[in-house]
Amino acid sequence: MSWLVTGGAGFIGAHVVRELAAAGERVVVLDDLSSGDSGRLPEGVAVERGSVLDGALLERILRVHALDGVVHIAAKKQVGESVERPLEYYRENVEGLRTVLEASAAAGVRRFLFSSSAAVYGMPDVDLVTEDTPCAPMSPYGETKLAGEWLVRAAGRAHGMATACLRYFNVAGAATPELADTGVFNLVPMVFDRLTRGEAPVVFGDDYPTADGTCERDYVHVLDVASAHVAAARRITADPDAALVLNIGRGEGASVAAMVAIILETAGREGVAPRIAPRRAGDPARVIASADLARKELDWTARHGLREMVESAWEGWCLHHPEARR
Ligand code: WQD
């Protein structure tokens, strides 16, 4: 099979490209390089620079490279920013997806894989979130991902595409330091950033109804997220009727306090005491995946643990911030 990976030069995209290529799939990347970096891509992978809003370009790439599947990862992904700039998020994430689907249908693509998010669930009031847990996104970002799933399902049905939507939980870690996330938008890099500046990590709220009072999340290694794409690509290749929506998590929670402790140890800052700050608006107490459906449908489970996530992310951080090491 041969795949167009949109957003393939980004943090998650580059890991997906690497794993698809390693699994023997032919890959072409489309990326506008707004936050991506073509230096992340392995040799032999063709890169086209351009926007997912450019339907003519998409159709040309799909036809010229004779691609038969699409992995659509390109998107804007900052929850807070999406509240400030909803029109931009709907344009990039919903109109961008619609354009990619339209070009895919026109070019006869029959396999479509879409990056969704646990953000579709909002504040789930359950111990383990299953794919049947009601979706109630709390940000324009989450809304664009839920609307995206609907669009993928409808277009898949109408145009004869096998589809899979992967709802990522909290992605962390890196396959190599060069592939690490360079954004400072999530817990792990935010703590690295504060330590690098000589400041204490901040914990947003310690009065949640959880075991240690801090929020619990399902952190999943980006390499496991990438291997889930390979498994899903295989599945939608084999099953032309597939219309899957799957959680991609470990099925295990970790608290903010526990993550911060692992980070401090990894960075050699065991003596530093985190500062407890007020709750951050909109944070649910617990968001932990049930990973059963992905196991059943894809024969996939996450293999990497919290320490590997934090240690590999730290190596990547230190590559760009050598002063962080002491
Ligand atoms: C995790 C926990 C914070 C920083 C977001 C999106 C979600 C998904 C992943 C894309 C929370 C706490 C954080 C800090 C802290 N993205 N925290 N101190 O909010 O679970 O999920 O990113 O699809 O859709 O919503 O991730 O990493 O921001 O926060 O205490 O310095 O860490 O309050 O409880 P979140 P996060």
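Note that ligands are numbered from 1 as they come in the structure, with each ligand's atoms numbered from 1 the same way.
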Which residue, V47, V71, V45, L179, forms the side chain to side chain contact (heavy atoms under 4.5 Å, CB included) with V17?
-> V45
4.5 Å side-chain heavy-atom contact, V5 and D31 | no
Considering only protein heavy atoms, which is closest to atom 15 (C) of ligand 1, and at what distance to one decimal place?
-> F204 CD1, 3.3 Å
Pull out every atom of ligand 1 sitting under 4.0 Å from any heavy atom of A119, numbered as shown with elements.
-> 24 (O)
With a 4.0 Å heavy-atom cut-off (strictly under), which part of L187 contacts ligand 1: side chain, backbone, both or neither?
-> both
Contact check, side chains of V287 and R217, non-hydrogen atoms, under 4.5 Å = yes
Atoms of ligand 1, numbered as shown, that sit under 4.0 Å from any heavy atom of V203 | 30 (O)
Residue pair C215 / T210, side-chain heavy-atom distance below 4.5 Å | no
What's the shortest distance from atom 35 (P) of ligand 1 to any protein heavy atom, and which residue and atom give it?
-> N170 ND2, 3.5 Å
Taking heavy atoms and a distance under 4.0 Å, where does Y141 meet ligand 1: side chain, backbone, both or neither?
-> side chain
Quick one: does Y219 get an N or O within less than 3.5 Å of an N or O on ligand 1?
-> no
Note: R235-D299 ion pair, threshold 4.0 Å (strictly below) | no
Any idea which atoms of ligand 1 are less than 4.0 Å away from a heavy-atom of V79?
-> 6 (C), 25 (O)
Counting both backbone and side chain atoms, is some N or O of F169 under 3.5 Å from an N or O of ligand 1?
-> no
Any side-chain heavy-atom pair from L30 and L57 closer than 4.5 angstrom?
-> yes
Side-chain heavy-atom pair Y141, K77 within 4.5 angstrom cut-off | yes
Check: V191 and W314 side chains under 4.5 Å, non-hydrogen atoms | no
Go through ligand 1 atom by atom and flag the ones less than 4.0 Å from a non-hydrogen atom of M190.
-> 4 (C), 31 (O)
Numbering as shown, the atoms of ligand 1 that approach C215 to under 4.0 Å (heavy-atom distance) | 34 (O)
D283 to ligand 1, any heavy atom closer than 4.0 Å | yes
Counting both backbone and side chain atoms, is some N or O of K77 under 3.5 Å from an N or O of ligand 1?
-> no
Anything under 30° is parallel, anything over 60° is perpendicular, the rest tilted; go ahead and classify H321 against W317.
-> parallel
Mind checking whether R167 and Y121 have side chains closer than 4.5 Å, heavy atoms only?
-> yes
Polar proximity ligand 1 side, V256 side, N/O cut 3.5 Å exclusive = no
For atom 19 (O) of ligand 1, which of R280, M259, R217 has the closest heavy atom?
-> R280
N or O pair under 3.5 Å between S117 and ligand 1 | yes
Below 4.5 Å, heavy atoms only, C-beta onward: do F112 and V152 meet side chain to side chain?
-> yes
Which residue holds the protein heavy atom closest to atom 18 (N) of ligand 1, what is that atom called, and what is the gap in Å?
-> V202 O, 2.7 Å
Between N186 and ligand 1, which part of the residue brings a heavy atom under 4.0 Å of the ligand: side chain, backbone, both or neither?
-> both
